[in-house]
Structures are given as structure tokens and as C-alpha cells.
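Naming: A, B, ... by sequence-line order, numbering from 1 per chain.
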Number of protein chains: 2
Amino acid sequence: MTGKGSLSTVETLFAEFVDGIQHGRFVPGQRLVEADLCQEFGISRGPLRETIRRLAAEGLVEIQHNRGARIKRMSREELVHLYEVREVIEGLAARMAAERATPGERDEIAAVLAAMETAIAARDHLGYADLNIRFHALLVSAAHNPTLEQIYQRLQTPTMRRQFRSLLETGAMLRSLEEHRVIIAAILAGDPLAAEAGMREHLQQSGTLIARHEAEASLSEPL
Amino acid sequence: MTGKGSLSTVETLFAEFVDGIQHGRFVPGQRLVEADLCQEFGISRGPLRETIRRLAAEGLVEIQHNRGARIKRMSREELVHLYEVREVIEGLAARMAAERATPGERDEIAAVLAAMETAIAARDHLGYADLNIRFHALLVSAAHNPTLEQIYQRLQTPTMRRQFRSLLETGAMLRSLEEHRVIIAAILAGDPLAAEAGMREHLQQSGTLIARHEAEASLSEPL
DNA sequence: CCCCCTTATATCGTAGGACAATTCGGTTCG
DNA sequence: CGAACCGAATTGTCCTACGATATAAGGGGG
């Protein structure tokens with residue numbers, strides 16, 4: 001496990017974990033036993049511990065002294081708090097995107113909207129969920145503010161799975177699409193305030209929707 | 001370096017570094033050579049590397065593969081980006097504080113304002129800088145949103161020293177105090193929108209002030 | 001029969017040594 | 001004068017070891 005080209009083991013592992021958490025290969029609350037993971041990934045404890053430390057710093061896992069690490073559980077209350085923050089962060093992103101997006105980025109955004117409409121028409125929930133993630137990421141990147149992007153990623157990661165679940169209803173998809181339309185129209189028109197307002201509205205809707213889903217699903221399974 | 005009571009070595013070290021960065025014992029761009037630091041802190045490479053990883057995840061140091069870590073340098077452009085984010089984050093904090101602050105917290109906020117006025121009258125720049133940090137932290141904590149608090153800390157830490165510098169002018173202190181007064185009045189009056197607007201205004205002022213200072217001082221010393 | 005206390009076991013936190021890979025600065029050679 | 005070369009410094013990773021701590025298991029007293 002020596003040569004890694006140009007990427008460090010820790011970065012690779014980190015990405016692996018993030019992906020695993022997003023795709024449900026690691027479930028919230030799951031213990032991360034060092035010995036097991038070392039064997040599973042074929043590495044030694046050093047880099048593994050560094051990776052866990054990094055995950056903890058990003059808020060994806062929780063470390064308890066002398067008790068090891070476990071995938072972080074997010075309570076409904078925390079979810080509410082998170083969406084409060086996302087609202088202003090992505091609101092800012094939308095505003096900046098309306099001001100600073102390049103023509104190419106505007107084209108991309110418009111293309112995503114078109115793809116979303118196609119996905120909805122085809123009742124392709126999975127595809128729509130992907131486009132949804134791409135849409136938000138696109139806006140953030142079009143804001144041309146790396147700091148914002150960093151914060152966004154930190155807030156986004158732990159909720160992706162939940163977002164997907166709540167979009168399983170067609171009704172939710174339709175409402176979501178409508179909100180996206182408003183935001184995109186504002187951005188393409190170069191109207192920062194409308195873009196920000198639209199995004200805030202959108203996240204308020206999404207937030208309450210997901211929180212409600214959580215409440216319903218909280219008993220059936222501990223996701 | 002065995003028994004640490006209940007705090008891990010990494011957490012202790014991390015705090016040490018954060019403090020060191022804030023107080024200028026580590027300067028931006030400085031290399032973090034593992035062997036040296038191990039000796040300096042009397043620990044082995046394992047915990048040290050974990051600490052560096054954590055610092056990197058918080059954005060305080062930069063790790064380059066096979067080239068080690070160094071204290072992060074923040075360009076003027078990054079500073080602008082950071083203040084754009086701080087504006088909405090702390091704006092949110094002020095709004096929430098106006099809505100949710102407990103009577104005890106409101107008293108504390110009022111007390112800080114009083115202390116600030118005293119400090120200004122005494123031309124106590126250092127005291128005022130401390131109070132300034134405390135004021136902002138207090139608002140964020142009065143927002144009762146742990147996620148927000150976490151993000152805030154991440155954004156706040158790397159700029160503390162700069163903030164201090166730009167407050168060295170009495171004129172800046174006076175303007176800052178005036179802005180604080182507006183924010184606090186809004187919070188105590190329970191006016192969320194005014195509090196948010198006031199905080200945004202305040203951070204815009206501070207941001208441009210600090211950026212200007214940077215521009216002036218950029219040649220004399222690489223802080 | 002249940003509860004508390006003692007004893008194992010699993011796991012973490014940290015130390016320390018080792019070594020290949022890589023970077024960097026200075027030197028030699030064309 | 002530039003390019004290839006060499007050696008020192010440093011990182012990234014592995015390994016082994018061992019005290020400290022938490023959790024689980026078992027055994028004696030109420």
C-alpha cells in the first residue's frame with residue numbers, strides 16, 4: 001500500500017467514506033472499529049485514524065474519547081438547524097450566481113432545468129434526485145466563492161440520502177421543480193434578490209418536507 | 001504524556017495550535033515540520049499528524065502531498081469571500097438571537113455593550129477587541145443553533161488577528177461601536193429583521209475596512 | 001432472585017522504530 | 001549557462017508494543 005500516484009491514502013479513504021455514508025453503506029450510529037476497517041481497506045491504523053479525524057472535523061462521524069468513532073446520527077432538531085443555515089448559505093449562493101455566473105454556467109443551469117423536466121415527465125425519481133443535487137452544486141459553484149463552496153459541502157453531505165427519500169413522491173418532485181423554475185428564471189434574468197428569495201423559499205419547503213418525512217419514518221428504521 | 005484526564009492529546013494540541021495561530025506564534029506560510037513539533041510538544045508523530053489533519057479540515061493549515069503542512073495564507077480575495085459568507089451567517093445569527101435569546105442572554109449582550117463603551121472611553125484597544133470577539137460569539141450562541149455555531153467558529157478563527165489590527169484606529173472603534181449599538185437595540189427590542197440588517201451592514205463595513213488594511217500592510221509584513 | 005462488585009476482554013490512545021518515496025538545494029558535468 | 005545528478009531532509013506508511021479505559025461476563029452477598 002505504498003505508491004498512490006498523487007493522491008494520499010487519507011484523501012482516497014475520506015472520499016470512500018463520504019461516498020459510503022451517502023450511499024448507505026455506513027449507517028448512522030454504526031461503530032467504526034479500527035482493526036476491522038484496517039483489514040477491510042488494507043491499510044494500517046495511522047492513515048485510518050487520520051481519516052477518521054478528518055471525518056470528525058467535517059461532522060460526519062463522532063469521536064468519543066476511549067470509545068472510538070461512530071457515524072454521526074442527526075436528530076430532527078439538528079436537521080432543522082441545518083436547514084436554517086442552508087437557507088442563508090444557498091440563498092447567498094443563488095444571489096451571487098445571479099450576479100456572477102458566466103454565460104457557460106447559465107447555459108448549464110438552463111440545461112439542468114430542461115433535464116429535470118424530462119426526468120419528471122418520465123417519472124424518473126432517481127434521475128431527478130441526481131439532477132437536484134447537481135443543480136444545487138452548480139449554483140454554489142457559479143457563485144464563484146470557494147469559501148462558500150466549502151461550507152456548502154459540509155452542510156450538504158449528511159443530508160443527501162434524506163433528500164432523496166423525500167423526493168420519492170411525485171407531488172414533491174413537481175413542487176420542487178416549480179421552485180427551481182423560479183430560481184433559475186431569476187438567475188438567468190440577472191435578478192439577485194429574486195434568486196435569493198426563491199432559493200430561501202425552496203429550502204424552507206424542502207426542509208419542512210424532509211423533517212416531516214423524518215417524523216413519519218423515525219420509527220420504522222433508524223436512518 | 002500518557003494520562004490526560006478526559007481530553008485527548010489531539011484536542012489539546014488542536015486548541016494549542018488554534019491559540020498559537022490567533023496569537024501569532026504561528027505565522028501564515030510557516031512550515032509545520034513533524035519532527036520539530038514532536039519534540040516541541042513532547043509527543044509522537046501519530047497524534048501530531050492527526051492534529052494537523054484536523055487543522056487542515058478546519059481550513060487553518062494546508063497540506064500538500066509529500067510536502068507537508070503549512071499555516072494557511074489567506075489572500076485578500078479569500079478574505080472578501082469569507083466576509084461574504086460571514087455576512088449571511090452572522091446575519092442569521094443576529095436574526096435568530098432577536099427571536100430566541102433568553103432574558104439572561106439579553107442581559108449579557110447589554111452588559112457587553114456597556115463594557116465596550118467603557119473600553120472606548122478608556123482608549124483600551126485591546127479590551128475592545130476582546131469584547132468585540134465576545135459580542136459576536138455571544139450573538140451566535142444566543143441563536144441557539146449548534147450547526148450555525150460550528151460554521152461560525154470555522155469562519156471566525158482565521159481572521160481574528162486581522163480584526164484586531166484594524167481596530168487599532170480609534171475611528172474604527174467608534175464606528176464599530178455605533179454599529180453594535182444598532183444591532184443590540186434591535187435584538188433587545190426583539191426585531192429580527194432589523195438585527196439581521198444591522199449585522200450585515202456591520203460586517204460589510206468591517207470587511208472592507210480589513211481588506212483595506214490588508215492592502216496597506218501587505219508589503220510591510222506577510223501576516 | 002436481583003443487585004453490586006470483581007474480573008476478563010476488546011478496543012483505544014500513544015509511543016517508537018523502520019523504511020521507501022519524494023522533494024529540494026547544491027554540485028558537477030556537458 | 002543549463003541540465004542532469006547526488007545527497008540530505010522530510011513525508012507517508014507500516015509494524016509492534018503496551019498502558020488505560022470501557023464494556024461485557026461472572027460470582028458473591030443481600
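Note: CD (B/Glu34) to P (C/dA15) measures 14 Å, nearest angstrom. Between the P atom of D/dT11 and the CD atom of A/Glu50 lies a distance of 12 Å, rounded to the nearest Å. A/Ile52 places its CD1 atom 12 Å from the C1' atom of C/dG13, with the value rounded to the nearest Å. Summarising the geometry, the separation between CG on B/Leu37 and P on D/dT11 is reported as 9 Å, rounded to the nearest angstrom. As rounded to whole Å, 16 Å separates atom P of C/dT23 from atom CD1 of B/Ile63. One interatomic measurement links the two molecules: CD of B/Gln39 to P of C/dG17, which rounds to 13 Å at whole-angstrom precision. Atom CG in B/Leu48 sits roughly 13 Å away from atom C1' in C/dT14 (whole-Å rounding).
Electrostatic pairing of A/Arg53 and B/Glu50 counts as a salt bridge here, judged by a charged N lying under 4.0 Å from a carboxylate O. Using a cutoff of 4.0 Å between basic side-chain nitrogens and carboxylate oxygens, B/Arg200 and B/Glu90 are not scored as salt-bridged.
Every residue two or more places apart in sequence or in another chain that forms a ring pair (Phe, Tyr, Trp, His ring centres under 6.0 Å) with A/Phe26 is listed here: A/Phe17.
Listed in residue order, the members of residues 13-21 of chain B having a heavy atom less than 4.0 Å from DNA chain C come to none.
Side-chain N/O atoms of A/Tyr128 and A/Ser176 include a donor and acceptor closer than 3.5 Å.
Atom-to-atom distance recorded for B/Arg49:CZ and B/Ser44:OG is 11.5 Å, nearest 0.5 angstrom.
Looking at which nucleotide of DNA chain D each of B/Arg53 and B/Asp36 is closest to, the 5′-most match is held by B/Asp36.
Ring geometry, A/His180 versus A/Phe135: the interplanar angle falls from 30° to 60°, so the pair is classed tilted.
Contact annotation: A/Arg45 side-chain N/O to D/dC15 OP1/OP2 distance is not under 4.0 Å. A sub-4.0 Å separation between OP1 or OP2 of C/dT11 and a side-chain N or O of A/Arg67 is absent. The side chain of B/Thr9 contributes an N or O atom lying less than 4.0 Å from OP1 or OP2 of C/dT14. A sub-4.0 Å separation between OP1 or OP2 of D/dG12 and a side-chain N or O of B/Arg49 is present.
Comparing C/dT11, D/dG12, D/dC14 by their nearest atom to the side chain of B/His65 picks out D/dG12. Closest to the side chain of B/Ser44, from the set C/dT14, C/dG13, D/dT11, is C/dT14. Closest contact between the side chain of A/Asn66 and the listed nucleotides D/dG12, D/dT21, D/dC14 involves D/dT21. The side chain of A/Ser8 lies closest to D/dT13 when the candidates are D/dT13, C/dC12, D/dC14. Here the side chain of A/Pro47 is nearest to one of D/dT13, D/dG12, C/dT11, namely D/dT13.
Residue-level contact check: A/Leu32 touches the backbone only, with heavy atoms under 4.0 Å from sugar-phosphate atoms and none from bases.
At a threshold of 4.5 Å between non-hydrogen side-chain atoms, the residues B/Leu82 and B/Met74 count as touching. Between B/Gln39 and B/Glu34 there is no side-chain heavy-atom pair separated by less than 4.5 Å.
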